[in-house]
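In what follows, a structure is listed as structure tokens, so that the remarks can point back to it.
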Amino acid sequence: MDSEQKVILVTGVTGFVGQQMVQHLTQFSYEVVGVARAAAARLPAALKRNLTEYISCDFTNQAAVDALIREIRPTYVLHLAGQANAAKAWQAPLVTCESNAAGTLNLLEAIRKYSSATKRIVSVGSSHEYTLVSSPPALVETMPTVPASPYGWSKLLQTTICQMYAKSFALPVIVARTFNLIGPGARQGVFGQLINDVVKLEKNHALKNEIQIGNTQIERDFLDVRDAVRAFLLLAISEQPASGQVYNVCSGQSQSIQTLLDCLQQASKRSFHTAVNEVFIRPNEPQTIVGDPGQLQQATGWQRQINLTSSVLDALQFARCLK
Ligand SMILES: Nc1nc2c(ncn2[C@@H]2O[C@H](COP(=O)(O)OP(=O)(O)O[C@H]3O[C@H](CO)[C@@H](O)[C@H](O)[C@@H]3O)[C@@H](O)[C@H]2O)c(=O)[nH]1
């Protein structure tokens with residue numbers, strides 16, 4: 001591993017993944033520059049401590065992104081910024097597309113113009129880019145991509161822009177096509193929602209011990225965020241990943257929402273029962289989505305290290321300390 005003093009730019013640094021990314025980078029000697037939209041004054045103290053510098057920037061503002069890249073000229077870029085909430089994208093498709101696709105376009109254009117020394121850019125994609133079928137085999141990177149949602153389309157456009165910059169301008173950009181991330185600090189999605197609900201029940205015994213949930217038979221490829229950020233860094237610094245290529249970042253196993261609930265029940269200080277809430281049921285979605293991480297493993301030597309039980313225990317512990 002390359003331990004020379006080099007600058008890593010982490011975008012979306014205030015998010016769930018961004019904060020874990022920065023935590024992971026503390027083990028190395030990189031200068032870490034964090035970027036997000038939030039004003040510097042609103043940054044969590046722990047995050048601030050671990051950054052060499054923080055810059056507030058809106059990626060949909062091209063002039064601001066140009067200024068950022070001209071100033072930093074990063075060695076590596078881990079591009080985590082964007083609108084990551086797939087459910088919200090149905091209500092805000094244009095904002096989602098601007099944030100994910102236009103934001104990435106501005107970043108790559110600025111790097112093309114002002115930062116020829118940048119060695120690798122890792123853009124975070126999504127499993128929602130794939131054409132989803134009802135009984136899928138494990139998804140591999142060569143499978144068709146016709147997304148079924150505005151979020152999926154925004155991420156596919158982001159990926160296509162990356163591939164265009166790799167091909168047309170020889171920009172060293174690759175795509176980490178990421179599946180469902182879980183673990184400490186999760187605030188959104190089914191995992192963040194359930195952790196939050198369980199900790200609320202633990203803290204307030206006056207609350208009825210019921211958790212509302214959508215379709216518990218749904219199976220997804222859950223991966224701990226700490227395993228994912230290790231993969232992102234390896235994709236940035238390893239020799240083998242090729243520009244314009246997509247790499248699945250996933251566990252290779254599908255686990256149901258019911259299994260997640262069972263794990264939570266085991267780890268919770270208070271027992272609960274579940275009730276179906278139609279609000280959380282999405283129409284026309286495949287029962288199972290699972291990825292194949294073989295290409296990532298081959299290119300970087302990455303292996304998953306954290307299982308579902310550890311993710312649940314650590315996320316509960318993290319959330320208990322927050323409330
Ligand atoms: N939110 C939620 N989802 C539920 C519930 N019950 C079942 N689900 C099902 O749980 C699955 C996962 O939903 P989310 O956790 O909201 O994740 P997502 O929509 O797949 O999006 C996340 O993963 C993507 C990669 O696969 C990411 O790209 C995206 O940013 C996000 O993190 C969906 O199939 C959803 O229908 C519930 O009570 N709440």
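Just so you know, ligand 1 is whichever comes first in the structure, and atom 1 is the first atom listed for that ligand.
For atom 21 (O) of ligand 1, the closest non-hydrogen atom of the protein is His128 NE2, 3.6 Å. Atom 15 (O) of ligand 1 has Val190 N, 2.8 Å as its closest protein atom, hydrogens excluded (heavy atom only). Protein heavy atom in closest approach to atom 27 (C) of ligand 1: Tyr151 OH, 3.6 Å. The nearest protein atom to atom 7 (C) of ligand 1, hydrogens excluded, is given as Asn215 O, 3.5 Å; this is a heavy-atom distance. With hydrogens left out, the protein atom closest to atom 39 (N) of ligand 1 is Gln193 OE1, 2.8 Å, a heavy atom.
For atom 19 (O) of ligand 1, the candidate residues are Glu285, Gln188, Arg282; the nearest heavy-atom contact is made by Arg282. Summarising the contacts of atom 17 (O) of ligand 1 with Val17, Asn180, Val249, Asp197, the nearest heavy atom is found in Asn180.
Polar contact check, Ile218 against ligand 1: no nitrogen or oxygen pair lies under 3.5 Å apart. On a distance-only criterion, Gln212 and ligand 1 share no N/O pair closer than 3.5 Å. Not one N or O of Ile213 is nearer than 3.5 Å to an N or O of ligand 1, by distance alone.
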* **Pair Ser99-Gln83, side-chain hydrogen bond (donor to acceptor under 3.5 Å, both in side chains): steps then yes or no** => CA-CA 6 Å; Ser99 175; Gln83 201 296 88; over 6 Å; no
* To do: Would you check, one step at a time, whether the test side-chain hydrogen bond (donor to acceptor under 3.5 Å, both in side chains) holds for Asp224 with Ser311?
  => CA-CA 6 Å; Asp224 194 281; Ser311 297; 2.6 Å; yes
* Show your working on ring pair (Phe, Tyr, Trp, His ring centres under 6.0 Å) between Phe59 and His79 and close with a plain yes or no. => CA-CA 11 Å; Phe59 277 85; His79 183 44; 5.6 Å; yes
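Other residues sharing the hydrophobic cluster of Val246, ordered by chain and number and joined by side-chain separations under 4.5 Å: Val175.
Of all the heavy atoms of Ala84, the ones lying under 4.0 Å from any atom of ligand 1 are found in both the backbone and the side chain.
Remark: side-chain polar atoms of Thr300 are not paired, donor with acceptor, to backbone N or O of Gln297 under 3.5 angstrom. Not one N or O on the side chain of Ser238 forms a donor-acceptor pair closer than 3.5 Å with the backbone of Gln240.
Put simply, part of Ile257 is less than 4.0 Å from ligand 1, judged by heavy atoms.
In the vicinity of Arg220, heavy-atom distances shorter than 4.0 Å reach the ligand 1 atoms 34 (O).
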